[in-house]
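Heads up, the thing below is written out as structure tokens.
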Amino acid sequence: KEEKIRENDGYPAWMAFIYTFNLIIGVGAISTPKGFQLAGLDLSTLVLIFIAFFAYVSITYVIEAMSSANAYLRLRGTHPEGEEETGEAEPINKAGSHLSMEVEAALSDDEAERIRKGEQLYNITEKVEMGQMANLFCGKAWETVFYVILVVYLFGDLAIYAVSVPQSLEYITADLFEEGSSVAENLYYVYLAAFALCIIPFCFFNFQKTKYLQYMTIMLRNAAFLVMAVLCWIRLGKGNGSDLSRMTYFDIKRFPDLFGIVIYSFMAHHSIPSIVTPVEDKRNIYVIMAYVYSAVLGVYILFNYSAVLAFGDPCTTCFDGEFCGQMEDLFTEMFADYKIRTLGVFLGMYPVITLSSSYPLIAITLRNNLMTMIPYGKEGRFRIWRQVIFSAIASIPPILLAFATQSVDTLVNITGAYGGVGIQWFIPIILIYFSRKRMAELAPGIPNPHRSRFSHNAWLYVILGLVIISVIMSTLNIILQFLDVNQSDIPTDPEELDLYCEELSGRDTDNVIILGS
């Protein structure tokens with residue numbers, strides 16, 4: 001059911017900026033530094049700018065589709081009160097009214113003019129989710145496609161959270177246990193089991209009024225990113241940063257890994273209906289979104305450059321006195337041995353707190369979407385157990401996957417390359433294609449004031465081409481990784497890393513720049 005936004009529920013456009021900005025800057029951001037290190041600063045910067053631009057293009061498509069959905073519902077819902085609704089929209093008549101001639105006659109000239117111009121017809125006042133838009137404009141089959149893509153993305157999200165929390169706890173507490181003991185060897189699995197026992201029960205309920213939880217998460221996230229950036233700057237100021245001659249700048253072999261991670265780091269599209277609909281004045285909403293993506297891009301470049309300049313040289317010394325080698329999957333873990341223990345623990349606990357609080361919310365969202373996609377059992381005796389069964393399906397399998405793999409960057413890459421590309425690029429161009437076609441039939445000649453600035457169909461074909469290329473490229477990359485073919489040049493074994501750094505230090509400075517050789 002579409003949700004009508006009441007007048008007192010609205011907020012100014014700058015609040016949409018804050019909500020969208022904080023939604024994008026999430027766990028994906030702390031997994032990008034490793035991608036920057038392996039793919040190189042030059043290649044990573046180009047990819048970051050490229051994906052930020054097309055993420056903005058596709059978000060304008062989501063907003064245009066929202067306005068078209070509101071127009072469609074406004075046309076469909078104009079029957080006099082008490083009259084049965086057919087569920088079909090009425091076309092605009094030749095006089096320019098979206099109503100019957102009798103109803104149009106009751107409108108003032110100014111109101112009729114506003115409708116002709118689209119100012120009232122396309123006004124976004126009802127929250128219509130992407131799945132609902134797919135059903136309105138594309139039909140049931142495309143709605144199912146959307147829910148499948150969303151389920152893949154949410155499942156990947158939960159798997160990333162399930163791996164990140166015990167991994168962070170392991171890094172924080174590893175020195176409390178004797179090295180080589182059975183507990184130390186299985187610490188990750190102990191924490192994962194504890195995480196499952198504590199968090200999964202909450203996934204069987206409904207969460208309401210999470211506003212203050214979101215505020216806490218936002219404050220903690222911003223504080224963690226600020227602390228990490230400052231510590232990197234302090235490290236650089238003391239001259240302990242990377243040797244620029246030993247850093248990677250452009251390694252095309254690492255492009256597929258980086259691509260999936262960066263796609264994941266710009267995700268916000270599935271939440272745009274909830275953010276944009278309450279905005280009181282939407283005339284400049286595309287400008288606001290441009291500011292959002294520009295700000296996110298700036299933060300990502302500043303944060304990742306700080307991280308790579310501080311730790312990107314695999315042969316620079318980390319806080320534990322050893323060579324840094326490859327960065328950790330989660331950048332917060334680079335500070336586990338920082339001399340001020342409180343800061344190291346705070347940064348290590350950042351993923352634990354924020355992701356633990358988010359896991360039930362994402363699991364409940366996944367459960368609700370699964371229940372929408374699979375209507376079986378809505379009636380009868382099975383209805384009582386339906387929510388319980390779908391809650392278990394949503395919350396337990398990601399935990400099982402976390403027992404099978406500890407690679408956050410692989411999970412982020414796969415989630416971004418499939419679910420992320422689907423929601424961020426594929427679904428928006430499908431929505432915009434069918435919504436424009438439908439509204440051209442129903443409201444010919446009436447301009448949509450929220451029409452995307454990238455309205456030419458060529459943009460749709462470009463993005464569709466990107467979707468196809470990215471899926472093929474990511475699939476080949478996964479196969480190569482499985483065959484142990486496409487591995488990084490930087491060793492992960494400590495002894496091999498020592499030999500690697502000795503070899504680098506013995507070379508002439510002019511010949512040590514690594515260019516994906």
Side-chain angles (χ1 to χ4, degrees), residues 2-5 7 10 13 16 57-81 83 85-130 132-139 142 272-273 276-290 427-460:
E2 294 78 24
E3 180 180 339
K4 184 82 172 181
I5 301 298
E7 201 171 310
V57 172
S58 60
I59 220 165
T60 66
Y61 290 162
V62 174
I63 295 172
E64 180 185 334
M66 287 170 56
S67 67
S68 296
N70 271 258
Y72 182 90
L73 293 172
R74 196 165 281 117
L75 293 170
R76 191 180 68 180
T78 53
H79 302 273
E81 188 174 351
E83 184 177 325
E85 198 172 310
T86 65
E88 292 297 325
E90 297 181 26
I92 303 294
N93 63 41
K94 293 180 181 179
S97 172
H98 69 288
L99 306 176
S100 64
M101 295 299 294
E102 292 79 6
V103 177
E104 182 185 302
L107 296 174
S108 68
D109 291 340
D110 288 340
E111 288 173 324
E113 182 66 15
R114 282 198 300 273
I115 291 174
R116 273 194 295 272
K117 292 181 178 178
E119 294 176 0
Q120 182 175 335
L121 179 61
Y122 288 96
N123 190 23
I124 303 173
T125 57
E126 295 188 21
K127 185 179 73 172
V128 188
E129 300 290 355
M130 292 175 73
Q132 295 169 320
M133 287 188 271
N135 187 28
L136 286 177
F137 296 122
C138 315
W142 280 110
I272 284 301
V276 169
T277 305
V279 174
E280 294 164 348
D281 185 355
K282 302 178 182 69
R283 287 176 296 180
N284 295 317
I285 192 64
Y286 290 147
V287 176
I288 295 296
M289 289 299 157
I427 293 299
I429 64 173
I430 295 298
L431 290 178
I432 209 67
Y433 175 79
F434 283 104
S435 66
R436 286 175 181 173
K437 186 177 179 180
R438 186 66 171 141
M439 293 312 297
E441 299 170 355
L442 297 174
I446 296 185
N448 183 349
H450 296 296
R451 189 174 177 88
S452 170
R453 306 300 183 263
F454 308 94
S455 58
H456 197 284
N457 283 340
W459 287 103
L460 304 184

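Here the structure is a predicted model, which means the values were calculated and not measured.
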Provide the closest heavy-atom pair for [X] versus [Y] in the form atom of the first, atom of the second, distance.
{"X": "S435", "Y": "I432", "value": "OG-O, 3.2 Å"}
{"X": "V279", "Y": "K282", "value": "O-NZ, 2.6 Å"}
{"X": "L431", "Y": "A65", "value": "CB-CB, 4.1 Å"}
{"X": "M439", "Y": "A71", "value": "CE-CB, 3.6 Å"}
{"X": "V128", "Y": "L73", "value": "CG2-CD1, 3.7 Å"}
{"X": "R436", "Y": "R451", "value": "NE-NH1, 3.8 Å"}

Practice prompt. Walk me through it: do M133 and I427 pass the test side chain to side chain contact (heavy atoms under 4.5 Å, CB included)?
Written response: CA-CA 10 Å; M133 287 188 271; I427 293 299; over 6 Å; no
Discussion item. List the residues meeting side chain to side chain donor-acceptor pair (under 3.5 Å) with R453, not counting sequence neighbours, and say none if there are none.
Written reply: none
Worksheet entry | Any donor-acceptor N/O pair, Y286 side chain to T60 backbone, under 3.5 Å | yes
Worksheet entry | I124 and I63: CA distance, side-chain angles, deciding distance, side chain to side chain contact (heavy atoms under 4.5 Å, CB included) verdict | CA-CA 9 Å; I124 303 173; I63 295 172; 4.2 Å; yes
Discussion item. Side chains of W459 and I429, heavy atoms from C-beta outward: is any pair under 4.5 Å?
Written reply: no
Item to complete: Check whether any side-chain heavy atom of I272 lies under 4.5 Å from a side-chain heavy atom of I59, and answer yes or no.
Response: yes
Practice prompt. Determine, step by step, whether T277 and T125 satisfy the side chain to side chain contact (heavy atoms under 4.5 Å, CB included) criterion, reporting the C-alpha distance in whole Å, the side-chain angles of both residues, the deciding distance to 0.1 Å, and the verdict.
Written response: CA-CA 6 Å; T277 305; T125 57; 6.0 Å; no
Within this structure, what is the [atom1]-[atom2] distance for the pair [X] and [Y], rounded to the nearest 0.5 Å?
{"X": "L460", "Y": "S452", "atom1": "CG", "atom2": "OG", "result": "9.0 Å"}
{"X": "K127", "Y": "N70", "atom1": "NZ", "atom2": "CG", "result": "12.5 Å"}
{"X": "S68", "Y": "K437", "atom1": "OG", "atom2": "NZ", "result": "14.5 Å"}
{"X": "R438", "Y": "L442", "atom1": "CZ", "atom2": "CG", "result": "4.5 Å"}

Worksheet entry | Geometric class of the F434/W142 ring pair [parallel <30°, tilted 30-60°, perpendicular >60°] | tilted
Item to complete: List in chain and number order the residues that pass ring pair (Phe, Tyr, Trp, His ring centres under 6.0 Å) with F137, two or more places apart in sequence or in another chain; answer none if no residue qualifies.
Response: Y72
Discussion item. Salt bridge check, R74 against E126: does any charged N sit closer than 4.0 Å to a carboxylate O?
Written reply: no
Item to complete: Check side-chain contact (heavy atoms from CB on, under 4.5 Å) between N284 and all other residues, then give those that pass, not counting sequence neighbours.
Response: V287
